[in-house]
**Q** 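Can you keep this structure in mind? I'll have questions shortly.
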There are 2 protein chains.
Amino acid sequence: MNAGAVPNPTPPADDTTHDAASGTEADFLANYDPHKWPVIGVTADVVLLTVRNGNLCVLLVERANHPHQGQWALPGGFVDIAEDLDAAAQRELAEETGVAIEANWLEQLKSYGTPGRDPRMRMVTVSYLAFTNVTQEPVAADDARNARFFNLDELALPNLGIHGSTALAFDHAEIISDGVERARAKLEYTTLAAAFVDEPFTLADLRGVYESVWDIDLHEANFRRKVIGTAGFVEATGLTAKTDGRPAKLYRRGEAVRLHPPILRPTD
Amino acid sequence: MNAGAVPNPTPPADDTTHDAASGTEADFLANYDPHKWPVIGVTADVVLLTVRNGNLCVLLVERANHPHQGQWALPGGFVDIAEDLDAAAQRELAEETGVAIEANWLEQLKSYGTPGRDPRMRMVTVSYLAFTNVTQEPVAADDARNARFFNLDELALPNLGIHGSTALAFDHAEIISDGVERARAKLEYTTLAAAFVDEPFTLADLRGVYESVWDIDLHEANFRRKVIGTAGFVEATGLTAKTDGRPAKLYRRGEAVRLHPPILRPTD
DNA sequence: ATAATAGTGTCTCTCAGACAGTATGTG
DNA sequence: CACATACTGTCTGAGAGACACTATTAT
């Protein structure tokens with residue numbers, strides 16, 4: 001295995017080489033050797049969620065290279081030496097899928113670093129979560145031989161009770177599950193749902209986001225009363241949308257970020 | 001600087017050395033060289049919160065070594081090569097402060113990796129949050145020359161509007177602030193507050209946790225009604241505590257983890 | 001008795017859930 | 001017209017906030 005080919009000794013337990021306790025800090029830093037520490041790879045992965053045709057979807061890439069060649073995985077890759085974590089996530093997403101997203105639309109999800117989660121070497125990934133209403137089709141490049149959105153029910157996500165046929169590379173099923181749980185929770189107390197729809201949108205569109213992400217039906221009249229009654233959630237545009245029945249008023253996103261009080265998920 | 005003393009070249013943009021695209025995965029892994037990637041240090045830091053005498057406190061260590069020698073910092077240190085992130089946090093906490101805590105009492109907070117946040121080298125820290133009712137005094141050892149609990153108002157935490165006199169090493173003020181915000185939010189929808197008090201406890205004790213962490217006064221009678229009415233939050237013991245007035249009933253922690261509905265922080 | 005803290009009862013207001021009913025489009 | 005969807009009005013029950021009142025100890 002790789003650990004045999006490239007020795008990776010455990011370092012001393014504390015940080016006392018190079019006179020870390022005595023002498024000046026400048027001297028200490030001038031002689032500091034980063035290579036005495038274990039070599040741990042740091043990557044950034046992105047869970048990009050969207051709603052398409054009433055289904056919650058996640059953007060995946062088919063791996064062009066070993067390991068897990070040919071399996072579907074989250075877009076992501078190594079963090080550059082002088083690059084911020086958020087920037088790495090944004091860059092890797094763009095490189096592998098062509099999907100451009102503002103760095104501040106990304107929120108950090110969680111880091112995963114269980115030994116053995118990557119067969120190449122000890123690897124820690126900082127995962128990010130993004131929400132979008134992308135309508136563009138992704139374009140695979142780089143380490144990805146293919147890129148597309150998957151409905152969640154196509155995937156094997158045992159933590160969510162979803163048993164689709166597509167298995168995921170590495171521990172990405174766990175990461176996606178955690179991302180979906182985070183998204184479900186955030187709908188309750190933030191205006192996140194509005195990030196999933198194109199402007200302008202109807203209240204039925206917005207309700208569809210909640211129903212897709214939570215996988216339940218909401219009461220239409222109460223949802224309307226709640227959204228309209230929450231200052232800054234949506235703003236009327238004066239436009240109307242053509243539907244099969246009475247035309248619906250169209251809205252744009254408001255300024256509010258948090259919902260007071262929250263829209264709580266119905267309990268069973 | 002250290003980057004000059006130890007060259008740390010940017011690796012190729014994609015992972016195609018050693019025939020990552022062709023050949024078998026076993027061949028690829030046998031020849032994989034972890035050292036071709038940027039050397040990024042990975043550490044685990046712990047924000048351990050507790051309530052003492054009605055004050056929210058955090059456990060800090062005084063750094064024995066460079067860099068930031070003599071400044072106060074979060075307990076933490078390098079993750080070992082074959083050690084899980086949670087275990088590293090638990091181990092570093094015990095080594096530097098003598099405070100032993102179950103690994104599953106730790107929850108991951110966030111990772112911080114802005115270039116330059118540590119003067120030694122590019123460093124990513126995975127921070128953890130712990131809540132406890134520790135009464136034992138910490139014992140400094142290892143990289144720490146001192147260890148004690150600080151009331152939050154002793155610290156300089158500009159993100160929280162707290163302007164105490166003790167400045168923190170690295171970006172630890174930001175990490176602590178994020179941890180406190182997380183704790184404040186978790187009191188709303190989990191039974192976390194009960195983790196801060198010794199068993200058995202009175203409802204006044206429990207209310208004191210909320211008031212300390214949120215830094216507000218709660219309405220006593222309504223708090224009582226809410227807690228008693230939430231199945232599984234607390235369980236009666238039948239014991240009573242001596243106070244300056246009528247003796248209070250004593251409770252222990254219940255089985256519930258989440259609060260339905262939440263105890264919302266009063267809005268201003 | 002008074003002081004002090006624990007605990008109960010109850011009124012009001014807000015709001016979620018439920019559902020009936022009205023409005024406005026299409027075929 | 002029927003039909004479909006958008007939207008409004010209103011009843012009800014749960015629960016938060018406020019506050020008065022009772023209970024049990026110490027001194």
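Being a predicted model, the structure only gives us computed values, none of them experimental. When reading the values below, keep in mind they use all heavy atoms of this one structure, side chains included, and skip hydrogens, waters and symmetry mates. Convention: sequence-line order gives letters A, B, ...; per-chain numbering from 1.
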**Q** Is there a donor on the side chain of Arg225(B) or the base of dG9(C) sitting less than 3.5 Å from an acceptor on the other?
**A** no
**Q** Over how many whole Å does the gap from Ile228(B) atom CD1 to dG7(C) atom C1' extend?
**A** 10 Å
**Q** Would you mind reading off the distance between Phe223(A) atom CZ and dC7(D) atom C1', rounded to a whole angstrom?
**A** 14 Å
**Q** From NZ of Lys242(B) over to C1' of dA6(C), roughly how many Å is that when rounded to an integer?
**A** 14 Å
**Q** Write down the distance between CZ (Arg207(B)) and P (dT5(C)), rounded to a whole number of angstrom.
**A** 10 Å
**Q** Decide yes or no for Val227(B) and Leu206(B): does some side-chain heavy atom of the first lie under 4.5 Å from some side-chain heavy atom of the second?
**A** yes
**Q** Nearest to the side chain of Arg224(B), heavy atoms from C-beta on, is which of dT8(C), dA6(D), dT10(D)?
**A** dT8(C)
**Q** Tyr251(A) or His260(B): which one's nearest nucleotide on DNA chain D is closer to the 5' end?
**A** Tyr251(A)
**Q** Could you check how far CG of Leu250(B) sits from C1' of dA6(C), rounded to whole Å?
**A** 12 Å
**Q** Can you check whether Trp72(A) and Phe150(A) have ring centres sitting under 6.0 Å from each other?
**A** yes
**Q** Restricting to nitrogen or oxygen on both sides, can you table the protein-nucleotides 21-25 of chain D pairs closer than 3.5 Å?
**A**
from, atom 1, to, atom 2, distance (Å)
dA23(D), O4', Arg246(B), NH1, 3.1
dA23(D), N3, Arg246(B), NH1, 3.3
dT24(D), O2, Arg246(B), N, 3.3

**Q** Under 4.0 Å between any heavy atoms, over every strand shown, what does Ala221(A) touch: base, sugar-phosphate, or nothing? Just pick one.
**A** base
**Q** OP1 or OP2 of dA6(D) less than 4.0 angstrom from a side-chain nitrogen or oxygen of Lys249(A), does that happen here?
**A** no
**Q** Could you state the CZ-P distance from Phe201(A) to dA6(D), rounded to the nearest angstrom?
**A** 14 Å
**Q** Would you check if Thr43(A) and Val126(A) make a side-chain contact, meaning some heavy-atom pair closer than 4.5 Å?
**A** no
**Q** Give a yes or no on whether Asp198(B) atom CG has more than 12 heavy-atom contacts from other residues, nucleotides or ligands under 6.0 Å away.
**A** yes
**Q** Specify the residue among Thr243(B) and Arg265(B) whose closest nucleotide of DNA chain D lies further upstream toward the 5′ end.
**A** Arg265(B)
**Q** Just wondering, do Val124(B) and Tyr112(B) contact through their side chains at under 4.5 Å, heavy atoms?
**A** no
**Q** Compare the minimum distances between each of dC19(C), dA6(D), dC19(D) and the side chain of Asn222(B), then state the nucleotide with the smallest one.
**A** dC19(D)
**Q** Return the value, rounded to whole Å, for the distance between atom NE2 of His219(B) and atom P of dA16(D).
**A** 13 Å
**Q** For Glu137(B), which residues count as a side chain to side chain contact (heavy atoms under 4.5 Å, CB included) partner, sequence neighbours excluded?
**A** Arg52(B)
**Q** Take the protein atom CD of Glu220(B) and the nucleotide atom P of dG9(C), then report the distance between them rounded to whole Å.
**A** 14 Å
**Q** Would you check if the side chain of Tyr210(A) reaches a backbone N or O of Leu187(A) as a donor-acceptor pair within less than 3.5 Å?
**A** yes
